[in-house]
> 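Handing you this structure, nothing more for now.
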There are 2 protein chains.
Amino acid sequence: MNSIRRVKFFASCLLLLTLASIAPAYSADALPSWNEGATKQSIVSFVERVTTQSGKDYVAPAERIAVFDNDGTLWSEQPLYFQLFFTFERIRTLAPQRPEWQEKPAVKALLVGDMKAVMASSERDLFELVIMAHAGNTTEDFNKIVKDWVANSRHPKSKRPFTEMVFQPMLELMAYLRANGFKTYICSGGDLDFMRAFAERVYGIPPEQVIGSSFKYSLGSVADPLAIVIQPKLDVINDNDMKPVSIHRAIGRRPIFTFGNSDGDHAMLRWTAAGSGARFMGLVHHTDGEREVAYDRESKIGKLDKALDDALAKGWAVADVKRDWRVVFPPEKK
Amino acid sequence: MNSIRRVKFFASCLLLLTLASIAPAYSADALPSWNEGATKQSIVSFVERVTTQSGKDYVAPAERIAVFDNDGTLWSEQPLYFQLFFTFERIRTLAPQRPEWQEKPAVKALLVGDMKAVMASSERDLFELVIMAHAGNTTEDFNKIVKDWVANSRHPKSKRPFTEMVFQPMLELMAYLRANGFKTYICSGGDLDFMRAFAERVYGIPPEQVIGSSFKYSLGSVADPLAIVIQPKLDVINDNDMKPVSIHRAIGRRPIFTFGNSDGDHAMLRWTAAGSGARFMGLVHHTDGEREVAYDRESKIGKLDKALDDALAKGWAVADVKRDWRVVFPPEKK
């Protein structure tokens, strides 16, 4: 190159480098599984606004807290909450060694495969199954038990591992937020220790950023005086009004970005919206019966009714699966 | 410079830069308030071991969790837990508007300044005072109330703000750990919302890294349907066996570095020690009656007895205030 062109070339490089260093960290490819449209635009526009230092909506990195529900938001919850599939599998595995469980109608139904009868059980009986599957384990043992289940179990419909029934667009969204200085948290009604067994590997969410329901714990087992043991007593049911409370206890900051999918997330979304400055509220609306399952107002699992009305009235983002997601689940591994 | 000397000079610069980039981030000046000796050496040696990538004790940054007790470890707890001074001040402020409180013996004693009688109250009556001072406030109001108290109140003996009754060597220790990729947490029996009002400014510990005792919360007040309100009911008493449990719930990782000062921290220290790989357990032993207060086995506040025996038997670090701390409190502001 002659010297004038060389100067121009280096000047362009310098300009590009400068622009790259001050532009928010995103590219048109950061969210490839999201179709172009208002929902995707609202996400990108929000992130640009809170990361632009000269803008009025700038938020310092320490306050860039993003909170996600899990069931129905990050992974599927159909035909049942996946933690129930874990529970049923665990009861089946343990029942032979627990003759006293055979008396329980829900267990009997489970063992003969009468899932209709199992799901018709009272909430109290179902809940007792969950306790039976969780309690008595040290947190370390329970972590291994869940990891084994993750490795070996398959979704009844797709035959994929449950941890592949995650929503690809939401994985991209979380990675995009983290690339822009956000801390991504889960705030779920699911069990804390259950989710921690896979959240880091599957979602990039470390254990200290998982908030969930939990049982009481005690310190010390027969084998190990310093093991933490899951007790057969609920401590926190992390749903509805409890979600903002749990977020306050765990984080002590109000999120600026919150995504849910059901009425159980309504309080958390309204609480986020009540904060000052720029706030993003999003709902996943399951509208795609072909690629996934379509459900909302009438569903027993993940019912979405009042929160959807509120979202539409207030202009919260609604990620309509059929309309907004080019891809639902990650590609199958060969 | 001639060209040979120039080459040597630049080679030395390059060598220095290379060494600086691979050496652990510390200097002899990182802990200036610690006297040279075995305690300081054990801290520095531990940090070097876990940050040296080629070493057998290397710990990845995500696992570099350091947990500190607060009362008696990061700030003084003499002559009383400072949160009690806050409680008493709050009761005095509110009592005129709460005629029904006047019936209570502990309140009456407080209002006439009979501190002997106050401290002779039953644990239950004292605890009721704490509830009275905390409950009913939104978390946002309570945060302001504590900040006001911090700004306006003075330690009865030193006449300094309570947030200046912090231990300078521990501030340096936490900064040094953070410079080496550690996340510093508090795990205290003190109230979560009380500590969050000053922990970031005073200790560099953000709200999501504060673990404490807490009351139940509910969502919604008369004035604000989305305010989080402190309820007059204890939820977590974060002491003894509860500390490892709280750490598990909040972090989901076992710390590699834990510092306490009393028997209330013994379980947390033993739990830390039971982890695999390099672990650091430390106690502050208050031995300096001149610069601070000397107390341990006989003290009602911050009793240190069994944990000290265990520390000495097992070779945990014991920071003897008289011997190991060149400076106790930060210099007075002019």
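Heavy-atom basis, side chains included; hydrogens, waters and symmetry copies ignored. Chain identifiers are assigned alphabetically (A, B, ...) following the order of the sequence lines, protein sequences preceding nucleic acid strands; residue numbering begins at 1 within each chain.
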> If we define contacts as heavy-atom pairs under 4.5 Å, which of B:Ala250, B:Ala273, B:Ala267 has the most with chain A?
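Option with the greatest count: B:Ala250.
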> Please classify the contact between B:Ile228 and chain A as side chain, backbone, both or neither, with a heavy-atom cut-off of under 4.5 Å.
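Side chain of B:Ile228 only, per the 4.5 Å heavy-atom cut-off to chain A.
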> Taking atom NZ of B:Lys314 as the centre, report whether more than 12 heavy atoms of other residues, nucleotides or ligands fall under 6.0 Å from it.
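Check passes, neighbour count above 12.
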> Look up atom CG in A:Asp235 and atom CG in B:Asp235, then write down how far apart they are to the nearest 0.5 Å.
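Output value for this atom pair is 6.5 Å.
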> Could you go step by step and tell me if A:Arg253 and B:Arg196 meet the side-chain contact (heavy atoms from CB on, under 4.5 Å) rule?
CA-CA 10 Å; A:Arg253 301 187 200 265; B:Arg196 277 176 170 169; over 6 Å; no
> Heavy-atom distances under 4.5 Å only: say whether B:Tyr185 touches chain A with side chain, backbone, both or neither.
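B:Tyr185 touches chain A through side-chain heavy atoms alone.
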> Which pair of non-hydrogen atoms, one from B:Leu226 and one from A:Ala274, has the smallest distance, and what is that distance?
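Here B:Leu226 and A:Ala274 meet closest at CD1-CB, 3.8 Å.
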> In terms of heavy-atom contacts, does NZ of A:Lys147 have more than 12 from other residues, nucleotides or ligands at under 6.0 Å?
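Yes, the 6.0 Å shell around NZ holds more than 12 heavy atoms from other groups.
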> Taking atom CD of A:Glu140 as the centre, report whether more than 12 heavy atoms of other residues, nucleotides or ligands fall under 6.0 Å from it.
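Counting neighbours around CD of A:Glu140, 12 or fewer heavy atoms of other residues, nucleotides or ligands fall under 6.0 Å, so no.
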> Counting heavy atoms not belonging to A:Leu312, are there more than 12 under 6.0 Å from its CG?
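Counting neighbours around CG of A:Leu312, more than 12 heavy atoms of other residues, nucleotides or ligands fall under 6.0 Å, so yes.
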> Any idea which of A:Leu192, A:Val236, A:Asn143, A:Asp241 has the most non-hydrogen atom pairs under 4.5 angstrom with chain B?
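Looking at each of A:Leu192, A:Val236, A:Asn143, A:Asp241 in turn, A:Asp241 comes out on top.
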> Run the salt-bridge test on B:Glu208 and A:Arg249 with the 4.0 Å N-O cut-off and return the result as yes or no.
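No, no charged N to carboxylate O under 4.0 Å.
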> When only pairs under 4.5 Å are counted, which of A:Asp224, A:Thr139, A:Ile211 shares the most heavy-atom pairs with chain B?
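That would be A:Thr139.
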> Find the distance between CD1 (A:Ile230) and NE2 (B:His248) and round it off to the nearest 0.5 Å.
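That separation rounds to 7.0 Å.
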> If I measure from the heavy atoms of chain B, does A:Lys183 come under 4.5 Å with its side chain, its backbone, both, or neither?
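For A:Lys183, the contact with chain B is made by the side chain alone.
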